[in-house]
2 protein chains.
Amino acid sequence: MAGKATNIPTATILRLSIYHRYLQSLMERGTKVVSSAQLANGTNVNAAQLRKDLSYFGRFGVRGVGYNVSKLLRQIKEILGLGKSWNMALIGAGNIGKALLQHKQFENHGYNFVLVFDKTPFRVGKEILPGIEVHHIDKLKELAATTPIDLAVIAVPASQAQEMADTIIEAGISGILNFAPARLKVPNHVALQHVDFTTLLDTLTYALSTKEKKGAYYNKKKEENRNTRWDSPQSWPDHMINYSNLLVTK
Amino acid sequence: MAGKATNIPTATILRLSIYHRYLQSLMERGTKVVSSAQLANGTNVNAAQLRKDLSYFGRFGVRGVGYNVSKLLRQIKEILGLGKSWNMALIGAGNIGKALLQHKQFENHGYNFVLVFDKTPFRVGKEILPGIEVHHIDKLKELAATTPIDLAVIAVPASQAQEMADTIIEAGISGILNFAPARLKVPNHVALQHVDFTTLLDTLTYALSTKEKKGAYYNKKKEENRNTRWDSPQSWPDHMINYSNLLVTK
DNA sequence: GAGACTAAGTGACTTAATTCACAATATATT
DNA sequence: AATATATTGTGAATTAAGTCACTTAGTCTC
Ligand SMILES: NC(=O)c1ccc[n+]([C@@H]2O[C@H](COP(=O)([O-])OP(=O)(O)OC[C@H]3O[C@@H](n4cnc5c(N)ncnc54)[C@H](O)[C@@H]3O)[C@@H](O)[C@H]2O)c1
Ligand SMILES: NC(=O)c1ccc[n+]([C@@H]2O[C@H](COP(=O)([O-])OP(=O)(O)OC[C@H]3O[C@@H](n4cnc5c(N)ncnc54)[C@H](O)[C@@H]3O)[C@@H](O)[C@H]2O)c1
């Protein structure tokens with residue numbers, strides 16, 4: 001486990017998660033060994049980049065052979081902190097919130113909604129899922145004290161989002177996934193990600209628009225240009241993500 | 001409208017969308033003029049960066065004064081292609097798909113679901129929204145020929161996602177927003193964005209994990225370090241996006 | 001209408017991320 | 001045991017993105 005002291009690119013962490021998912025599918029298919037070229041191809045990244053990404057954390061492969069799928073999977077889990085199960089609180093049990101609660105995949109990945117909050121009277125007190133009651137948002141701090149929460153998911157209207165973030169942080173939670181279309185301000189010790197549908201749609205319309213009226217705001221160059229810049233509508237290179245969301249990833 | 005020939009950073013487009021949204025809120029509040037510093041502060045970016053982002057497309061401000069809110073808003077709309085209304089097809093009318101259909105905000109922004117597809121017998125034929133019937137996926141090509149579709153939203157299980165992407169592209173649609181946890185391969189002329197919840201959650205767990213056992217995989221540095229690297233759990237610098245997917249965005 | 005003041009626009013610089021290309025090291029083969 | 005072959009790991013080079021800091025061009029005041 002070498003582990004470099006170098007700064008790790010943010011995008012590397014995003015990609016690690018993507019490799020992780022692909023490795024899981026390889027596991028299911030029974031693949032034992034995979035080369036950086038195969039793994040990179042399956043996740044749409046450059047093979048050298050994949051190797052460099054891993055090299056920030058250690059040396060996991062065997063030269064001339066490749067990577068042992070289950071071993072690499074275990075090691076990426078370790079790096080990303082996916083060894084344990086993570087308790088999540090949902091803030092806002094509306095359309096999106098309910099879809100998230102229903103999503104079985106989260107549990108499989110160790111993400112569990114253990115508390116759900118809302119404000120609207122007709123939602124509060126209902127049993128939204130077997131064993132999961134909707135609590136009033138005012139009880140967040142109190143309940144978070146007994147049930148330790150690692151992550152909070154914000155799914156309230158944008159106008160309420162910053163206030164909710166503040167409440168969440170005050171309750172001692174320091175990881176937030178925000179679905180509201182608002183860029184939140186949080187102190188440095190809090191990890192935050194935005195899931196921003198409209199912004200992503202806007203990048204698509206930009207791509208399609210520049211495609212049509214080529215030359216208006218942009219000058220067309222080499223058509224064969226790889227998926228990296230906005231010369232032509234294309235896939236996202238990364239970050240993006242964002243980058244990203246970020247964000248933002250091919 | 002100067003319009004530089006330079007390559008435009010992918011992250012610039014993401015940010016443009018974010019400025020756009022913030023400008024809309026300023027409009028609603030009746031603000032007439034805004035400085036780059038204010039606008040940057042409201043969107044959590046560096047003021048110089050905001051000015052540079054705009055400079056790729058022209059000169060929209062007045063020196064010594066700032067930007068006219070409604071004028072800048074109009075110009076960003078123009079750049080991003082938000083002047084027109086965009087027809088969308090939804091592929092997969094399950095949990096997430098239904099939440100998206102319900103979402104009123106999309107219409108306000110010019111994004112309209114005009115066709116909905118699924119495969120499961122009990123969903124096909126139902127009127128899922130007033131005036132919107134769920135069609136069988138096999139009819140996509142046929143219906144897209146009569147109702148022009150600009151963008152497709154994929155909300156089917158990951159195992160079906162690549163196949164759906166291929167079908168969509170074959171039907172002549174060249175913008176895709178994908179919610180399935182799978183990295184899709186598309187030809188160069190197709191614009192693609194991934195909305196990847198789990199990957200974003202994974203970056204949060206990484207941040208929280210490294211926070212706890214500082215020094216394991218990372219070496220703690222200046223604590224005051226601004227939100228830019230993975231030295232400590234923090235906000236996403238951008239892209240991340242995008243990128244990123246990236247993607248990724250503070 | 002001269003001078004003070006403010007904030008945009010941008011070239012130069014800095015920092016970050018990606019890719020190249022090859023040395024290092026494993027396995028397989030004869 | 002020597003050689004062929006494959007694929008990792010990584011410094012060096014390249015490319016991209018972000019920030020600084022100054023110049024320019026407006027408005028406002030007196
Ligand atoms: N539904 C979508 O497809 C979609 C798409 C993109 C973005 N979003 C965003 O996600 C967020 C939620 O969207 P939605 O469609 O689920 O909205 P929704 O109106 O269906 O649900 C919002 C829920 O939040 C609750 N709420 C409001 N203020 C609250 C507060 N202060 N404390 C606790 N609960 C509170 C409401 O009672 C409601 O149940 C919004 O910001 C929306 O813009 C949703
Ligand atoms: N629900 C969530 O909160 C959530 C969160 C993250 C990711 N996702 C992803 O979004 C996707 C959809 O999730 P969901 O929860 O809505 O699942 P779901 O099972 O509720 O809905 C999927 C729908 O797709 C339809 N479908 C399946 N194959 C199809 C095909 N070939 N053609 C047309 N329709 C088809 C199914 O009939 C079903 O109605 C999945 O890939 C899921 O992993 C969902």
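These numbers were taken from a predicted model, which means no experiment stands behind them. So that the names make sense, note that chain A is the first sequence line, chain B the second, and so on, each numbered from 1.
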Taking the side chain of [X] as heavy atoms from C-beta outward, which of [options] is closest to it?
X       : options                : result
B/Tyr67 : D/dA17, C/dG9, D/dT8   : C/dG9
B/Asn46 : C/dT19, D/dT19, D/dT8  : D/dT19
A/Tyr56 : D/dT10, C/dT18, C/dT10 : C/dT18
B/Arg59 : C/dA26, C/dG9, D/dT10  : C/dG9

Length of the [atom1]-[atom2] vector between [X] and [N], whole Å:
X       : N      : atom1 : atom2 : value
A/Ile8  : C/dT15 : CD1   : C1'   : 17 Å
A/Gln38 : D/dT8  : CD    : C1'   : 13 Å
B/Asn41 : C/dA7  : CG    : C1'   : 16 Å
A/Asn7  : D/dA17 : CG    : C1'   : 16 Å
B/Asn68 : C/dA7  : CG    : P     : 16 Å
B/Leu50 : D/dA17 : CG    : C1'   : 16 Å

Base of [N], side chain of [X] - is there a donor-acceptor contact under 3.5 Å?
X       : N      : result
B/Arg51 : C/dG9  : yes
A/Lys52 : C/dT18 : no
B/Arg63 : D/dT24 : yes

Taking atom types as modelled, find out whether A/Gln193 and B/Thr203 have a side-chain donor-acceptor pair closer than 3.5 angstrom. yes
Quiz question: by atom type and distance under 3.5 Å, do the side chains of B/Lys32 and B/Asn68 form a donor-acceptor pair? no
Identify, between B/Val62 and A/Ala48, the residue whose nearest nucleotide on DNA chain C lies closer to the 5' end. B/Val62
Nearest-nucleotide wise, let me know which of A/Gly64 and B/Gly66 is further upstream toward the 5' end of DNA chain C. B/Gly66
Name the residue from A/Thr12, A/Ile76, A/Ile8 that meets the side chain to side chain contact (heavy atoms under 4.5 Å, CB included) definition with A/Asp53. A/Thr12
Taking the nucleotide of DNA chain D with the closest heavy atom to each, which residue, A/Leu54 or B/Val45, is nearer the 5' end? A/Leu54
Assign each of B/Asp53 and A/Asp53 to its nearest nucleotide of DNA chain D by heavy atoms, then name whichever residue's nucleotide is nearer the 5' end. A/Asp53
Interatomic spacing from OH in B/Tyr111 to OG1 in A/Thr205 - rounded to 0.5 Å: 4.0 Å
At under 4.0 Å, does any side-chain N or O of B/Ser36 touch on OP1 or OP2 of C/dA8? yes
Taking OP1 and OP2 of C/dG11, is either one under 4.0 Å from a side-chain nitrogen or oxygen of B/Ser55? no
Stepwise, does the salt bridge (Lys or Arg N to Asp or Glu O under 4.0 Å) test hold for B/Arg183 with B/Asp196? CA-CA 10 Å; B/Arg183 310 316 276 193; B/Asp196 202 333; 2.5 Å; yes
